[in-house]
Amino acid sequence: MKGLRALKASETRYRRLFETAQDGILILDAETGQIDDVNPFLMDMLGYTYKDFQGKKLWEIGEFKDIQASKEAFRELQDKGYVRYDDLPLETKGGRNIRVEFVSNTYQGDHHKVIQCNIRDITNRKHVGHEVQEARSYAEAMIETVREPLLVLDEHLKVLSANRSFYDTFGVAPGETVGDFIYELGNGQWNTPRLRKLLRDILKNTKFDNYEVDHLFPTIGHKFMVLNARRIYKENVGTKMILLAIEDVTALKQRDETLKASETRYRRLFETAQDGILILDADTGQIDDVNPFLIDMLGYAYKDFQGKKLWELGAFKNIEASKVAFTKLQHKGYVRYEDLPLTTKDGREIDVEFVSNVYQVNHHKVIQCNIRDVTDRKLAEEKLRKAHDELEKRVTERTIQLSESNGLLRQEIAERKIIEEQLAESRERLRYLNTHLRSVREEERTSLSRELHDELGQVLTGIKMDVAWIGRKTPEENTVIVERVNSLLTLIDDAIFSVQRISMALRPPALDDFGLQEAMKLAAEDFEKRTKVACEIISKPQHILLKGDISTEAFRIFQEALTNIARHAGAQKVTVSLRRVGDRFIMEVRDDGRGITKKEISDPKSIGLTGMRERAYAVGGSLTVTGTQGKGTTITLSVPLNEGKKEPEILKRRRKRKPKEG
């Protein structure tokens, strides 16, 4: 009786397990495949009643509708005693498709073989897996379109995927990245306590921003990286991922340091300049900055300049004149005053040279005013003028005395001849000295021009290339830095242009490299740009070979002629003719302006014409100037080609004189 009770208790226990199991269970006859029993969970899962299963064979139940496959699976189970399907499709009585895990085992029961089939619904699990795969595919597609290196980490901080930019940046392959912990990548180069904490915290929170990494990476060297991370979490999937973005800001850091160094360098130039400098707003005339030299020059404090407009400063007391000058500067972009009177704070009157230019800074026009104190120079010029007047007065008095000395007329005549000879000799000496000084000056100007063009020009070009490289490395979205780089490039271009213009003004390289015609052509083009006056050069033959000193003097005469035309002629066109006539080189510069007068031609104060004549004389040539009122002016240079520089008479006479006999 006791054994019977134990048996019944065991049967009751296993029956309860069978009926309360959370997996579907089928009990089949191992010989026939007929269903012996089915638990409630399977009935609920498939939607059939108990009687739908009773007496049926497995392949006679609608959900196992593939009869042939079910029979083959049954025979395999009979032979092997075990069959497993990880993903078996079934259809419920209501027509719903589900996925099940199907596990069957054969065992002995009461000397009779039975088959137990355990059937587990994995539809939701499959759906979750699909959602996870979709989320991963979405994340991978998203990161592949981003230019910055990106990593997708799982909740254990293992790398699920990385984009192409990550592999390219760090020089690694997917095989040594995917599946590894982030701390193991690159020999542990990401294994820092701070980053470890941030990544673990993000699983609890949602993100971290702008974590900076300053590290010497084994493959790519010393870099500055900025890390940003976001948690990717889908409630219905129940999975956590981390999207980690890595931005290389090394170039940006270096560019910032370069810009700071450049700004410091130009600030020092501004503060140590030995000319006064004012920086004004080009629209309002308000003073933005002033350097220490101008503060010392005018005696005002820095706060006296702040927020003021140019004409509100006591030094520029002529308010109306200052406003007019400012308006002129706004329109022309350039104003120069050789001799501008100013008053210092303590009432002292000084004379200054005032030069203003307008240029662009960060898309905003500013005016730079350079102010140089020329008071001492003006005083020296005044003393020189007085000395000259005194000398003229003495010469006049001496002439009167000579006229009144009738008794000493013969002696005076003789003395005058001696004086005239000495004066002629002195004039020859002065001409020779002037020619020599011009030659030396030309050599100095040539040297200085080449140094400016070659050395300073190369330096500025190098700076421009570096700044342009920084601009190319700067992300387009960083507009502030892009604008600063573009502004700096504009300033460098202006500096290069200024160097070229100054070098050209000192001595055009083309004069030495390509000859007179090419140099004149370049000068004519520059003249046309500056004055809007057409300038045509005609050369017959096309190439005329000249000695260096002739080319130099001819070019300088041509320059002076263009300067005079720009200042005085009011011309619309200039025609320059170069030709060879016999053994002479002829240069003719003709304009269609108002025409020079005879008085102007013979005026001793006409320094430009006098200088041109002296240059012609220095190479043994001659210069003539003619003008017709309303029809223009013609300047003609004629130089012999078979003679060198004309030797001063004073040197010839010296060789003719015999040494005194002792």
Side-chain angles (χ1 to χ4, degrees), residues 262-362 364-385 448 452 456 487 490-492 494-495 497-499 501-502 505-506 530:
S262 176
E263 184 176 354
T264 300
R265 182 163 57 250
Y266 285 108
R267 168 56 62 178
R268 286 177 180 170
L269 286 173
F270 176 77
E271 292 178 346
T272 59
Q274 295 304 296
D275 282 345
I277 302 175
L278 268 178
I279 305 297
L280 311 177
D281 185 292
D283 295 324
T284 65
Q286 184 170 302
I287 296 171
D288 288 342
D289 206 353
V290 57
N291 73 336
F293 193 88
L294 186 61
I295 292 173
D296 293 340
M297 181 193 300
L298 299 179
Y300 289 89
Y302 185 79
K303 65 180 181 180
D304 294 331
F305 291 89
Q306 284 182 307
K308 299 286 182 63
K309 295 184 179 179
L310 183 64
W311 48 86
E312 293 175 348
L313 200 64
F316 301 89
K317 58 185 179 180
N318 190 337
I319 296 175
E320 194 59 38
S322 297
K323 286 184 176 180
V324 170
F326 180 72
T327 303
K328 179 180 178 183
L329 180 58
Q330 283 180 314
H331 285 88
K332 293 190 174 181
Y334 176 80
V335 166
R336 180 186 184 94
Y337 296 100
E338 300 284 353
D339 182 9
L340 183 69
L342 290 184
T343 305
T344 64
K345 190 173 183 179
D346 58 7
R348 186 168 51 90
E349 296 290 336
I350 62 173
D351 295 306
V352 300
E353 181 181 81
F354 187 95
V355 181
S356 295
N357 291 279
V358 179
Y359 55 87
Q360 201 91 3
V361 175
N362 292 334
H364 180 69
K365 283 186 177 181
V366 299
I367 297 171
Q368 177 176 322
C369 305
N370 288 61
I371 302 171
R372 176 174 296 176
D373 188 348
V374 295
T375 306
D376 292 339
R377 189 178 74 191
K378 290 286 292 180
L379 291 174
E381 290 174 353
E382 181 62 23
K383 289 180 180 179
L384 184 61
R385 187 188 63 77
L448 181 57
L452 280 172
L456 185 55
S487 175
T490 301
L491 289 176
I492 293 172
D494 291 343
F497 176 76
S498 297
V499 168
R501 179 175 54 78
I502 294 170
L506 287 171
R530 287 187 293 103

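- To the nearest 0.5 Å, the span separating CD on Q274 from CE on M297 amounts to 9.5 Å.
- Of all non-hydrogen atoms in S356 and I367, the two that sit nearest each other are CB-CG2, 4.2 Å.
- Evaluated for a side-chain contact (heavy atoms from CB on, under 4.5 Å) with L278, the options D289, N291, V290 yield exactly one hit, V290.
- Q368 places no side-chain N or O within 3.5 Å of a backbone atom of V366 that could act as its donor or acceptor partner.
- Closest of all the heavy-atom pairs between D351 and T375 is N-OG1, 2.9 Å.
- Distance check, rounded to the nearest 0.5 Å: CG of L280 to CG of D288 gives 7.5 Å.
- Looking at residues two or more places apart in sequence or on another chain, you find no salt bridge (charged side-chain N to carboxylate O under 4.0 Å, His left out) involving R268.
- For the atom pair T344 OG1 and Y300 OH, the distance stands at 7.5 Å (nearest 0.5 Å).
- Note that the CG atom of N357 and the SG atom of C369 stand 9.0 Å from one another [nearest 0.5 Å].
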Item to complete: Report the C-alpha separation of I295 and F305 in whole Å, then their side-chain angles, then the decisive distance to 0.1 Å, and conclude whether the side chain to side chain contact (heavy atoms under 4.5 Å, CB included) test is met.
Response: CA-CA 9 Å; I295 292 173; F305 291 89; 4.0 Å; yes
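- A salt bridge links D275 with R372: at least one charged nitrogen is closer than 4.0 Å to a carboxylate oxygen.
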